[in-house]
2 protein chains.
Amino acid sequence: MSDKPTTIKEIAKLLDISVSTVSRALNDHSSIGLITKMRVKKMAKELNYEPNQRAIQFLQGKSHTIGVILPELAESFFSAAISGIEDIAYKRNYTVLLAQSHDDADREKLLIEKMKMQRVDGLLISVSKTTNTYEHLEAFKKSNIPIVFFDRIPPVKNIHFVASNLESGTYEAVNFLLKKGHRTIGMINGPTNLVASTERKNGYIKAMTSHRLKFDPSLMLNCDLTEAGTIESMDNFLNHKRKPTAIVTFNDYVALFAIRYARSLNIQINKDIDFVSYANLPLINYMDYTPIASVEQFPYKQGKKAADILLDLINKPKGDSEAETAYYNVVVESELIIGKEK
Amino acid sequence: MSDKPTTIKEIAKLLDISVSTVSRALNDHSSIGLITKMRVKKMAKELNYEPNQRAIQFLQGKSHTIGVILPELAESFFSAAISGIEDIAYKRNYTVLLAQSHDDADREKLLIEKMKMQRVDGLLISVSKTTNTYEHLEAFKKSNIPIVFFDRIPPVKNIHFVASNLESGTYEAVNFLLKKGHRTIGMINGPTNLVASTERKNGYIKAMTSHRLKFDPSLMLNCDLTEAGTIESMDNFLNHKRKPTAIVTFNDYVALFAIRYARSLNIQINKDIDFVSYANLPLINYMDYTPIASVEQFPYKQGKKAADILLDLINKPKGDSEAETAYYNVVVESELIIGKEK
DNA sequence: TAAAATTACACAAACGTTTGCACAACAATC
DNA sequence: GATTGTTGTGCAAACGTTTGTGTAATTTTA
């Protein structure tokens with residue numbers, strides 16, 4: 001008896017009325033008599049009736065589901081983001097279909113196909129690092145399923161996206177250091193091919209020039225973000241003719257490598273050299289030697305925003321030619337968080 | 001033209017054959033002639049035909065989807081777990097429907113309802129901290145949808161679950177300290193109402209008695225896991241008549257609070273006092289003053305295991321009365337990871 | 001050469017639900 | 001007392017796909 005779920009048909013048969021009446025009764029349709037409604041609802045409760053969403057979704061051609069493809073769920077940036085995405089989806093009564101690409105372009109391509117076959121109502125994606133062709137994304141757009149890009153934005157025209165602006169965060173960070181009196185500020189930046197590196201660089205330069213200081217390229221090093229690379233950069237700075245009194249690092253890992261190495265050389269952290277980093281990891285707030293400030297990217301907030309946009313796109317009245325040609329390009333400003341000094 | 005997805009019907013009409021022939025041709029059914037197959041496949045490719053999975057799932061009464069309900073996606077333990085779950089689901093060609101309860105029993109209940117209505121083929125859940133009634137879980141079992149519990153196991157009979165055994169990990173940890181020569185080992189444990197606290201306690205006692213040492217209850221403190229609580233525990237230990245030479249802490253946060261406090265008192269970490277903790281957070285490997293060893297719970301591995309079990313349950317041949325009454329109670333052994341000394 | 005077997009396709013039902021339309025019964029209006 | 005309006009219900013189609021069964025046309029077998 002607890003085998004197959006109850007259907008509307010069974011209720012109809014038991015009450016000797018038609019399925020359409022049952023359906024309307026359950027949906028409180030105005031054309032159904034009060035007595036019938038009561039009878040139907042009572043029977044439905046007795047049989048533990050639960051509408052088969054798959055059937056409804058199929059019938060209506062809407063899955064009420066959004067697909068989410070992220071590179072790596074275990075990465076704290078993305079796990080915070082998916083948390084925000086799920087919260088919005090839940091609130092707006094949508095369901096989340098989740099998958100990870102592991103930064104593998106082929107797997108990503110497959111997942112996108114799969115999402116299309118699953119008939120998701122919309123797609124939210126942070127593209128993999130290795131993705132370098134974009135036809136499948138273009139093809140997806142033709143399917144008329146809205147797609148919102150998130151954090152990692154492909155170089156494609158006419159797309160919706162949400163990303164953080166690291167330029168402003170970096171600007172603030174460097175500005176903060178300048179106000180503290182620093183004049184020689186080093187930056188351990190990422191590889192030149194990352195957009196993120198360029199944004200940081202621009203923020204740095206902007207802050208310097210706004211203080212009428214000229215940009216010294218030898219104080220901005222491109223690092224491969226490994227521990228060895230970080231140590232190399234640090235050595236470079238420490239032997240520099242203009243030894244930096246403050247250093248901005250690409251991310252928390254680099255900051256940790258740099259700080260650890262500096263401490264091994266008996267350099268006083270945030271005394272001999274001030275450190276500023278980007279807040280990628282939650283634990284940094286708990287550690288002994290941390291940067292004096294960090295740039296927060298609000299992944300949770302970004303996730304929420306991206307999901308909200310996607311759901312707006314899904315539910316926008318169509319034929320709205322104005323909205324049809326407009327693209328959401330939302331930039332979530334990053335923000336400098338100044339840690340409590342210890 | 002790029003509006004609605006292509007259907008099998010359109011292909012049939014265009015080629016002037018029946019839908020059943022098209023369906024069978026696409027599925028390489030033996031009763032379809034080679035020429036027809038070719039014609040159908042060519043046309044399908046031209047029209048970018050993609051089977052409507054929702055329709056198929058509905059027809060077959062299988063969603064090929066598993067529901068996953070976790071307390072908090074942003075928590076690293078769970079985000080590592082969901083990563084493992086998704087990897088297995090992907091490999092076995094299932095889809096993951098994700099939701100988080102935020103440790104809210106009511107939301108959890110709603111989500112379970114929703115998953116049932118979505119007709120997931122199976123459910124994987126780590127119950128919320130606030131869940132204290134279990135009728136909805138019992139009710140779910142009656143729906144004949146397999147359910148596997150994960151990490152946080154409700155006190156219900158006859159269920160499948162995967163959890164880590166912290167007893168063995170703690171045993172190893174204490175054993176490790178004993179072998180290093182420690183005889184006075186303190187433990188900052190969690191609140192007594194947590195199963196996790198009991199497991200740790202048992203492991204501790206087991207290790208002590210196996211070395212013919214008697215258990216001194218005053219060396220095991222129950223802490224509320226806050227920084228203040230940790231400091232209180234530390235004060236207790238430092239003023240103890242038997243001052244511990246080694247301390248095991250409930251989790252990484254407690255370890256960090258304890259280590260930070262100890263350092264503020266000029267205690268040499270892992271020299272005056274050895275610390276051992278549990279590996280909840282990825283960053284711990286990067287820090288300067290970390291425990292000399294930690295107990296790893298392998299959340300990624302646990303997630304994989306749980307998903308594998310769930311999919312086995314879903315796909316097990318039914319009528320198998322033997323398998324029907326057997327319950328998976330899988331314990332993933334935790335393991336002591338000894339850090340590189342610095 | 002007639003019967004049997006094979007090949008290649010079409011027809012129609014089914015899955016669970018919603019919804020436009022038809023229609024009966026009854027009440028209200030003129 | 002015929003007409004219109006209202007209320008409550010049933011019929012049937014539709015969504016896209018799979019699959020059991022029926023059946024021509026063709027080939028093989030005896």
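Residue numbers begin at 1 in each chain, while the letters A, B, ... track the order of the sequences.
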Which nucleotide sits closest to the side chain of Thr21(B): dC15(D), dC9(C), dT18(D)?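 Given the options dC15(D), dC9(C), dT18(D), the side chain of Thr21(B) is closest to dC9(C).
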Please report, rounded to the nearest Å, how far the [atom2] atom of [N] is from the [atom1] atom of [X].
X	N	atom1	atom2	result
Leu59(A)	dA14(C)	CG	P	18 Å
Met117(A)	dG16(D)	CE	P	17 Å
Asp28(B)	dC9(C)	CG	P	14 Å
Tyr49(A)	dT18(C)	OH	C1'	10 Å

Distance-only, no hydrogens or angles: does the Arg54(A) side chain make a donor-acceptor pair with backbone N or O of Gln118(B) under 3.5 Å?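 Yes; at least one donor-acceptor contact below 3.5 Å.
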Does [X] put a side-chain nitrogen or oxygen below 4.0 Å from OP1 or OP2 of [N]?
X	N	value
Ser31(A)	dT7(D)	no
Lys9(A)	dC15(C)	yes
Asn52(B)	dC15(D)	no
Lys62(A)	dC15(D)	no

Please determine if Asp104(B) and Lys129(B) form a salt bridge, counting it only when a charged side-chain N lies under 4.0 Å from a carboxylate O.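 Looking at Asp104(B) and Lys129(B), the cut-off is not met.
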Please verify the inter-ring angle class for Tyr94(B) with His64(B); under 30° counts as parallel, over 60° as perpendicular, anything in between as tilted.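 Ring orientation, 0 to 90° scale: parallel.
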Confirm from the modelled atom types if Ser20(B) and dC11(C) form a donor-acceptor pair under 3.5 Å, side chain to base only.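 Per atom types, the contact qualifies.
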Check: Arg24(A) side chain, dG10(D) base, donor-acceptor under 3.5 Å: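 Between dG10(D) and Arg24(A), which were checked side chain against base, a qualifying N/O pair under 3.5 Å is present.
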Verify stack between Phe58(A) ring and dC15(D) base, 5.5 Å, 30 degrees: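 Ring-base stacking flag set for Phe58(A) and dC15(D).
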Sub-4.5 Å side-chain heavy-atom contact between Phe78(B) and Pro299(B):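 No, side chains not in contact.
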